Structures are given as C-alpha cells and as structure tokens.
Amino acid sequence: MIKNKYSKWLLVVVIGMGVAIGGYWNYSSIAIGGTSDNGMWKANYKKNSDETVGGWIGHLQQKSGGKVKIKEVSFTDNEKIVVEHKGFTEGKSEDGSVSKLNPLSTDFYLGDLQKKSMCTSCILHGRKKDSPRQILFF
C-alpha cells in the first residue's frame, strides 16, 4: 500500500514537470533574433506574453562601440518595411519599457505581424549621411 501511494505521487510530479517543461519550451521558442556582422548590434522580437495586448515586441541593443546616434530603425521582410521606429529618447515609457541612448537599448511594439510579413532583417540608419547602414538578419 505504501509503494502504491508513492507511485501515485511520483506520477503526479512527473506529469506536472512535463507540463511545466512543455510550457516553458513553447514560450521560449517564440523569440526570433539576430546580430550584426560586426557584432555591434543585437536585435530580437518575440510574441507579447500579455494576451490582452497581443502582437509582437522588438528589442534592440548596442553590444559594443562608442556613442552612436540612430535616426531610424526599420524591420523589413524581403526589403519591404513592416515596421519603422524613429526618434529615440531616453527614459521610461507608459508601457514600462526603458530606453537608454548610450549604449542604445530600447524596446518597441511591432504590432500584429502575420506569417506572410514576418521580419527577416532589422536596418539601422545613423543620423550622419556618411554613416553606414547596419543590417541584422534573422
């Protein structure tokens, strides 16, 4: 009888762990990201975990280099702009995301992306005309 009691609890624990691991794996596999060729930039986007808002959230982070002024960031699908983000300011926004300018680290809402228009690259445009574009592929 004691052996049977422990077997039932062990079965419940194993099933619970399986559900927890499956949920974590499903949630963590939704993020898509990339890094620039020179390693200076890292970007990713993932499905918003808040079901009331939905959509996708993007994150851009400067990994190395000095002060850089970014004029515009665009997420594209086969060179067609899906989402553009202009005008970076430092501080905390209404949704609680925090933006830093040096080094640049920012989050932004990408909207409700459909499978036919998933982002394949992120293009950074500097403020100076002679500054090269940085392209990150996902």
Side-chain angles (χ1 to χ4, degrees):
M1 183 163 164
I2 293 174
K3 190 175 184 181
N4 193 16
K5 185 178 179 181
Y6 287 122
S7 298
K8 288 179 183 178
W9 280 108
L10 182 62
L11 181 62
V12 169
V13 169
V14 168
I15 290 172
M17 287 179 62
V19 169
I21 290 169
Y24 173 77
W25 177 76
N26 184 41
Y27 178 74
S28 66
S29 65
I30 296 174
I32 300 168
T35 306
S36 62
D37 288 339
N38 62 4
M40 185 174 178
W41 298 97
K42 180 179 178 184
N44 65 43
Y45 66 101
K46 63 182 179 177
K47 200 161 189 133
N48 192 350
S49 59
D50 185 356
E51 294 294 326
T52 59
V53 177
W56 294 75
I57 295 178
H59 178 74
L60 176 66
Q61 183 175 11
Q62 182 181 353
K63 301 299 283 179
S64 63
K67 276 189 169 181
V68 178
K69 294 187 178 183
I70 298 297
K71 179 176 118 178
E72 173 185 326
V73 174
S74 47
F75 284 81
T76 63
D77 177 30
N78 296 324
E79 298 184 22
K80 177 185 163 207
I81 294 175
V82 177
V83 176
E84 260 181 334
H85 186 69
K86 298 178 182 182
F88 294 97
T89 57
E90 195 164 62
K92 191 172 186 177
S93 66
E94 292 174 5
D95 65 358
S97 61
V98 177
S99 292
K100 292 183 347 183
L101 294 181
N102 288 303
L104 182 67
S105 177
T106 187
D107 294 324
F108 39 89
Y109 184 67
L110 293 173
D112 191 21
L113 301 174
Q114 302 296 324
K115 286 193 183 237
K116 62 183 176 183
S117 64
M118 293 302 276
C119 299
T120 56
S121 64
C122 173
I123 302 173
L124 305 167
H125 303 273
R127 290 192 183 209
K128 296 179 180 175
K129 289 186 180 186
D130 60 339
S131 63
R133 289 188 327 169
Q134 296 284 327
I135 302 175
L136 294 76
F137 292 102
F138 299 117

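Please read these numbers as outputs of a predicted model, since none were measured by experiment.
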Of the non-hydrogen atoms in Glu84 and Ser74, which two are nearest, and what is the gap between them?
-> CG-CB, 3.9 Å

Closest non-hydrogen atom pair, Gly39 against Ser64 | O-OG, 3.9 Å

Determine the minimum heavy-atom distance between Leu60 and Trp41, stating which atoms define it.
-> CD1-CE3, 4.0 Å

Using modelled atom types only, decide if a donor and an acceptor are shared between the side chain of His59 and the backbone of Thr106 within a distance under 3.5 Å.
-> yes

